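Heads up, the thing below is written out as structure tokens.
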Amino acid sequence: MDPTVILGAGLAGLSAAHFLKRPWRLIEKSDRVGGLIKTEVIDGCYFDPTGHWLHLRDPEIRELVNTRWLPGQMVSIQRKAAVFSRGVFTRFPYQVNTHGLPPEVVAENLVGYVDAIYGDKGRALRERDPRNFEEFILRYMGEGFAKNFMVPYNQKLWTVHPRELSAAWVGRFVPRPSLKEVVDGALGVGSDALGYNASFLYPREGGIESLARAMRHGLEGGEVSVHTEPTAIDWQARKLTLSDGRTLGYSELLSTLPLPYLVRLLGQGASGVPDEVRAAAGRLRATTVTYVCVGARGANRQPWHWIYLPEPEFATYRIGSPSAVYAPLAPPGTATFYVEYSHHGELSPARCEQLAVEDLVRSEMVHAAGDILFTRAVEIPHAYVLYDEAYGAAKAEILRFLEHARILTAGRYGQWEYSSMEDAILGGRACAQAINAR
Ligand SMILES: O=c1ccn([C@@H]2O[C@H](COP(=O)(O)OP(=O)(O)O[C@H]3O[C@@H]([C@H](O)CO)[C@H](O)[C@H]3O)[C@@H](O)[C@H]2O)c(=O)[nH]1
């Protein structure tokens with residue numbers, strides 16, 4: 001019998017292989033498994049593709065990570081994140097930590113919040129569901145928070161105005177503060193533990209890629225092929241053509257590849273895809289993120305694990321510091337950073353490296369440009385999926401066809417969604433369980 005074929009050996013693909021109870025074949029284009037769970041070492045400094053901190057909620061996944069995949073090798077870290085705005089650092093999340101900002105900004109945020117939640121001004125929005133992300137912000141935070149943080153920050157992150165996005169992705173990721181939290185935060189007596197990532201896990205050694213390596217090491221019942229990718233999928237014949245020219249039959253197919261790319265592969269197979277599915281794939285959009293890995297002379301000047309930069313004077317939306325999160329990620333006397341740039345179309349690596357140096361110095365994360373030891377820009381092609389007007393219907397059209405073609409998808413790219421590492425592991429598990437039950 002042909003194996004279950006899994007396309008892509010990121011977390012979702014590795015997880016599916018782990019949970020499958022039938023023979024499987026895992027196909028990965030790159031030279032190693034992990035997808036974005038990849039750690040590069042530059043001059044003794046460890047860099048993941050931006051922040052890859054594990055927040056685990058599912059008991060089975062927590063148990064697997066802590067006792068099977070990386071037993072005794074995870075460190076637990078309390079988040080220290082901040083916002084840099086109006087020349088001061090305030091703690092993350094902005095909406096419950098405004099103490100320290102200029103008083104007129106604090107007042108604008110507070111008055112806007114009270115108006116939105118209790119006042120006449122917010123009544124219309126309170127009486128219906130938000131039609132877009134801007135309305136969500138205004139409904140749950142008010143005009144001050146919108147103007148002073150949420151709109152400018154999210155515009156940079158998503159590359160489009162929040163009114164062009166729905167709020168379908170916000171879930172646990174965007175805190176909706178209570179009055180007490182907002183007031184406590186304005187007075188500087190709030191809790192530091194709000195939000196989904198108040199604490200997180202990270203491997204003691206080897207960066208986040210250790211997790212992918214450990215998952216691969218524990219796999220049984222199948223075969224991993226790296227340096228291999230499909231060039232066409234014939235869904236009626238249940239066959240893939242591979243980059244080396246061979247064909248591979250499958251009994252079940254699970255794809256974790258970016259959804260538009262999967263549609264293209266199906267279009268290149270003998271069975272083809274309907275025009276409307278191809279058109280739907282063309283309507284799916286995502287941002288590209290270029291992050292710049294930076295090493296700087298001297299210890300970290302700031303304690304922050306990462307900072308958010310809402311103001312347009314900074315081209316970056318967020319700067320993170322692996323060495324601040326976990327000191328062994330850099331040699332003693334070196335501070336490391338990832339500086340993130342979101343864009344559509346061309347933004348050259350050289351330009352990002354130049355911007356990163358300017359942004360690091362102006363945000364006071366690094367003392368002077370002369371302290372920079374190295375910069376290296378890396379591009380993530382589909383970093384954040386855009387939940388724009390086309391998103392819901394286009395994705396539904398594609399998923400309907402995939403169901404008809406009996407192809408499952410999982411993961412941030414396979415499901416074309418905004419989600420966490422744990423969500424990818426859970427998605428892989430759900431698909432494996434569905435296949436096991438067939
Ligand atoms: O003060 C703030 C800052 C941001 N937001 C909103 O929260 C949304 C989510 O932000 P974040 O958690 O940073 O999003 P992301 O999915 O990119 O998070 C990954 O990166 C790390 C870490 O944040 C940086 O390394 C995190 O652990 C990962 O899951 C954001 O879109 C803002 O709209 C806010 O409400 N208040």
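The figures here come from the full heavy-atom set of this structure, side chains too, leaving out hydrogens, waters and symmetry mates. Remember, it's a predicted structure, so these values are computed and weren't measured experimentally. Remember, it's 1-based here, ligands and their atoms both numbered in the order they're listed.
Contacts between Y196 and ligand 1, counted as non-hydrogen atom pairs separated by less than 4.0 Å, involve the side chain only. Contact annotation: for R318 versus ligand 1, heavy atoms closer than 4.0 Å belong to the side chain alone. Contacts of Y338 with ligand 1, taken as heavy-atom pairs under 4.0 Å, involve the side chain alone.
Of all the atoms in ligand 1, the ones that sit under 4.0 Å from a non-hydrogen atom of Q95 are 1 (O), 2 (C), 34 (C), 35 (O), 36 (N). Each of the following atoms of ligand 1 lies closer than 4.0 Å to a heavy atom of F149: 1 (O), 2 (C), 3 (C), 4 (C), 36 (N). The ligand atoms of ligand 1 that sit less than 4.0 angstrom from a heavy atom of Y384 are 15 (P), 17 (O). The F173 neighbourhood of ligand 1 comprises atoms 7 (O), 8 (C), 9 (C), with distances under 4.0 Å to a heavy atom of that residue. With ligand atoms numbered from 1 in the order given, ligand 1 contributes 31 (O) to contacts under 4.0 Å with heavy atoms of L157. Within ligand 1, the atoms closer than 4.0 Å to a non-hydrogen atom of F92 are 1 (O), 2 (C), 3 (C), 4 (C), numbered from 1 in the order shown. Listed by number with element, the atoms of ligand 1 under 4.0 Å from a non-hydrogen atom of P175 are 35 (O). Heavy-atom contacts of W53 reach the following atoms of ligand 1: 21 (C), 25 (O), 27 (O) (cutoff under 4.0 Å).
Heavy-atom distances between T50 and ligand 1 stay at or above 4.0 Å for every pair. For the pair W169 and ligand 1, a heavy-atom separation below 4.0 Å is found.
Looking only at protein heavy atoms, the nearest one to atom 6 (C) of ligand 1 is V174 CG2, 4.0 Å. Among all non-hydrogen protein atoms, the one lying nearest atom 1 (O) of ligand 1 is Y94 N, 2.7 Å. Counting protein heavy atoms only, atom 10 (O) of ligand 1 is closest to Y308 OH, 4.0 Å. With respect to atom 27 (O) of ligand 1, the closest heavy atom belonging to the protein is H55 NE2, 2.9 Å. Distance from atom 33 (O) of ligand 1 to its nearest protein heavy atom, with residue and atom name: N154 OD1, 2.8 Å. Atom 16 (O) of ligand 1 has as its closest protein heavy atom Y418 OH, 2.6 Å.
In this structure, F145 and Y113 have perpendicular ring planes: the angle between them is above 60°, well past the 30° mark. Relative orientation of the F149 and Y94 rings is parallel, given thresholds of 30° and 60° on the angle between their planes.
In this structure, a donor-acceptor pair under 3.5 Å is absent between the side chains of D48 and Y291. Side-chain contact of H344 with T159: a donor-acceptor pair under 3.5 Å is present, judged by distance alone. At a cut-off of 3.5 Å, with distance as the only test, no side-chain donor of T98 or N109 sits close to an acceptor on the other residue. Remark: the T409 side chain and the Q415 side chain contain an N/O donor-acceptor pair separated by less than 3.5 Å.
Checked against a 6.0 Å centroid threshold, the rings of H305 and W53 do not count as neighbours.
Note: no N/O pair closer than 3.5 Å links M150 and ligand 1 by distance alone.
Taking the ring axis of F314 as reference, the NZ or CZ atom of R362 stays within 45° of it and closer than 6.0 Å to the ring centre. A cation-pi geometry, defined here as NZ or CZ lying under 6.0 Å from the six-membered ring centre and within 45° of its normal, does not hold between R351 and Y341.
Within 6.0 Å of atom CD in E403, 12 or fewer heavy atoms from other residues, nucleotides or ligands are found, so the atom counts as exposed in its surroundings. For E143, the CD atom is loosely surrounded, since the number of other residues' heavy atoms within 6.0 Å does not exceed 12.
Only one option out of Y153, Y317, F84 pairs with Y308 in a ring pair (Phe, Tyr, Trp, His ring centres under 6.0 Å); it is Y153.
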